[in-house]
2 protein chains.
Amino acid sequence: MGTSKKEKFSTSQNRLADLAKALGHPARIAILQFLAAKDVCICGDIVDELPLSQATVSQHLAELKQAGLIKGEIEGPKVCYCINKKAWQEAKQLLAQFMTDVKSCC
Amino acid sequence: MGTSKKEKFSTSQNRLADLAKALGHPARIAILQFLAAKDVCICGDIVDELPLSQATVSQHLAELKQAGLIKGEIEGPKVCYCINKKAWQEAKQLLAQFMTDVKSCC
DNA sequence: TTTATATATCGTAATAATACGATAAAGGTT
DNA sequence: AACCTTTATCGTATTATTACGATATATAAA
């Protein structure tokens, strides 16, 4: 019964939902804020910043990567993570447009 | 093991994540768009608009209500749903600020 | 080559989310 | 009162998410 009905909704509704879902965990918010605060690509360090195990952080990073919001480049034994500029602007625009379009009447 | 570690993150990180999570399903995106398109509070009708059962729609509405994004007023045997204007503006501002703050470096 | 370091992935357990039928609750209609 | 309509809630099945230890992988250093 818990089968997903996502295919019954439009592509753009699903894209918005996927983006929002990627932001839907405080650890992922924290990761993005950390990446932003440094203003450069971060090589290593991320696991130490979060109160979660290495495996769990890696999983959250993979989800952000899957949503296209970050990218990771292998640099020696480490991986350098960055916000994906293009995708981020796109996501920002999509969400902002959606939030603006949804006018409230009362 | 799947115990939540949300308490290890800040209130604002959790608030952002909760808002995003509420938007993290195409059915809820569709509900919000439907409410917006009518530009008035919608009494009834919502279930007929979605390819989901009445019980499931009611559950999605409850989640949006829980996040504070919509409110429902009982009108006779029906319920009138509306975007919660104040909360919506707040959410929009919070998300926009977050998306802007997260600058990408590459 | 051995060792250390950094990440990813596997396996798995626990919890949360999704979905729906059945039923309850509340208000209107006849 | 009996009945219909609308919505919420309960019970429950299924799937997804979250989390972590253990292990694999890949690179650098000794």
Side-chain angles (χ1 to χ4, degrees), chain A residues 1-9 13-14 17-32 34-35 41-67 69-82, chain B residues 1-9 13-14 17-32 34-35 41-67 69-82:
Chain A
M1 277 169 179
T3 326
S4 176
K5 292 283 172 75
K6 287 178 181 173
E7 69 286 351
K8 300 231 178 178
F9 298 93
Q13 285 169 336
N14 272 291
D18 284 346
L19 276 175
K21 195 188 238 176
L23 302 178
H25 193 289
R28 294 194 288 272
I29 296 287
I31 288 171
L32 291 166
F34 180 65
L35 285 180
C41 295
I42 300 301
C43 302
D45 293 6
I46 296 186
V47 171
D48 304 326
E49 290 297 317
L50 294 175
L52 298 169
S53 78
Q54 185 269 321
T56 303
V57 172
S58 187
Q59 216 170 269
H60 282 301
L61 286 167
E63 275 175 79
L64 287 170
K65 221 186 293 177
Q66 165 105 20
L69 295 176
I70 66 171
K71 48 187 176 177
E73 216 168 281
I74 295 167
E75 177 116 341
K78 303 188 179 184
V79 177
C80 289
Y81 284 105
C82 253
Chain B
M1 274 170 182
T3 325
S4 175
K5 291 283 173 73
K6 288 179 180 172
E7 70 287 349
K8 301 229 178 176
F9 297 93
Q13 285 169 335
N14 272 290
D18 284 346
L19 276 175
K21 196 188 240 176
L23 302 178
H25 193 288
R28 294 195 286 273
I29 296 287
I31 287 171
L32 291 165
F34 180 65
L35 285 180
C41 295
I42 300 300
C43 302
D45 292 6
I46 296 185
V47 171
D48 305 326
E49 290 297 316
L50 295 174
L52 298 169
S53 78
Q54 185 269 322
T56 303
V57 172
S58 186
Q59 218 170 267
H60 281 302
L61 285 166
E63 274 176 79
L64 288 171
K65 220 186 292 177
Q66 165 106 19
L69 296 176
I70 65 172
K71 48 186 176 177
E73 217 168 279
I74 296 167
E75 176 115 340
K78 303 187 178 185
V79 177
C80 289
Y81 284 105
C82 254

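So that the names make sense, note that chain A is the first sequence line, chain B the second, and so on, each numbered from 1.
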*Only one of B/Val47, B/Val79, B/Ile46 passes side chain to side chain contact (heavy atoms under 4.5 Å, CB included) with B/Leu61; say which it is.*
B/Ile46

*CD/B/Gln66: more than 12 non-hydrogen atoms of other groups inside 6.0 Å*: no

*Return the value, rounded to whole Å, for the distance between atom CD of A/Glu7 and atom P of D/dT15.*
13 Å

*Quickly work out the A/Lys5 NZ to D/dT15 P distance and round it to whole Å.*
12 Å

*Which part of the nucleic acid, if any, lies within reach of B/Lys21 when heavy atoms closer than 4.0 Å are counted: base, sugar-phosphate only, or nothing?*
sugar-phosphate

*Choosing from C/dG21, D/dA19, C/dT7, which nucleotide comes nearest the side chain of A/Lys78?*
C/dT7

_Touch class at under 4.0 angstrom, heavy-atom based, for A/Lys6 against every strand present_ = nothing

*Does a nitrogen or oxygen in the side chain of A/His60 sit under 4.0 Å from OP1 or OP2 of D/dA19?*
yes

*For the side chain of A/Gln54, starting at C-beta, report the closest nucleotide among C/dT15, D/dA22, D/dT15.*
D/dA22

_Please pick, from D/dT7, C/dA19, D/dA19, the nucleotide with the shortest atom-to-atom distance to any side-chain atom of A/Gln59._
D/dA19

*Using the six-membered ring wherever Trp is involved, compare the ring planes of B/Phe9 and A/His25 and label them parallel, tilted or perpendicular (cut-offs 30° and 60°).*
perpendicular

*What integer distance in Å separates A/Asp45:CG from C/dT5:C1'?*
13 Å

*Could you give the CD-to-P distance, from A/Glu63 to C/dA8, as a whole number of Å?*
13 Å

*asked:* Can you tell me if B/Tyr81 touches the phosphate of D/dA8, counting only side-chain N or O atoms and a distance under 4.0 Å to OP1 or OP2?
replied: yes

*d(CG, B/Leu64; C1', C/dT18) in whole Å*: 14 Å

*Residue whose nearest DNA chain C nucleotide is more 5′ - B/Glu75 or A/Leu61*: A/Leu61

*Using a 4.0 Å heavy-atom cut-off across all strands, classify A/Lys65 as base, sugar-phosphate, or nothing.*
sugar-phosphate

*If you look at every strand shown and take non-hydrogen atoms under 4.0 Å, does A/Ile74 touch a base, only sugar-phosphate, or nothing?*
nothing

_Can you confirm whether the thiol sulfurs of A/Cys41 and A/Cys82 sit closer than 2.5 Å?_
yes

*C/dA26 P sits how many Å from B/Glu73 CD, rounded?*
18 Å

*Measure from the side-chain heavy atoms of A/Pro77 and tell me the nearest of D/dT18, C/dA8, C/dA6.*
C/dA6

*Write down the distance between CG (A/Asp18) and P (C/dT18), rounded to a whole number of angstrom.*
12 Å

*Please say whether more than 12 non-hydrogen atoms of neighbouring residues, nucleotides or ligands are located less than 6.0 Å from CD in A/Glu49.*
yes

*When the distance from CD of A/Gln66 to P of C/dT9 is rounded to whole Å, what number comes out?*
12 Å

*How long is the span from the CD atom in B/Gln13 to the CZ atom in A/Arg28, to the nearest 0.5 Å?*
13.0 Å

*A/Ala55 or B/Thr56: which one's nearest nucleotide on DNA chain D is closer to the 5' end?*
B/Thr56

*Nearest of C/dA19, C/dG27, C/dA8 to any side-chain atom of B/His25?*
C/dA19

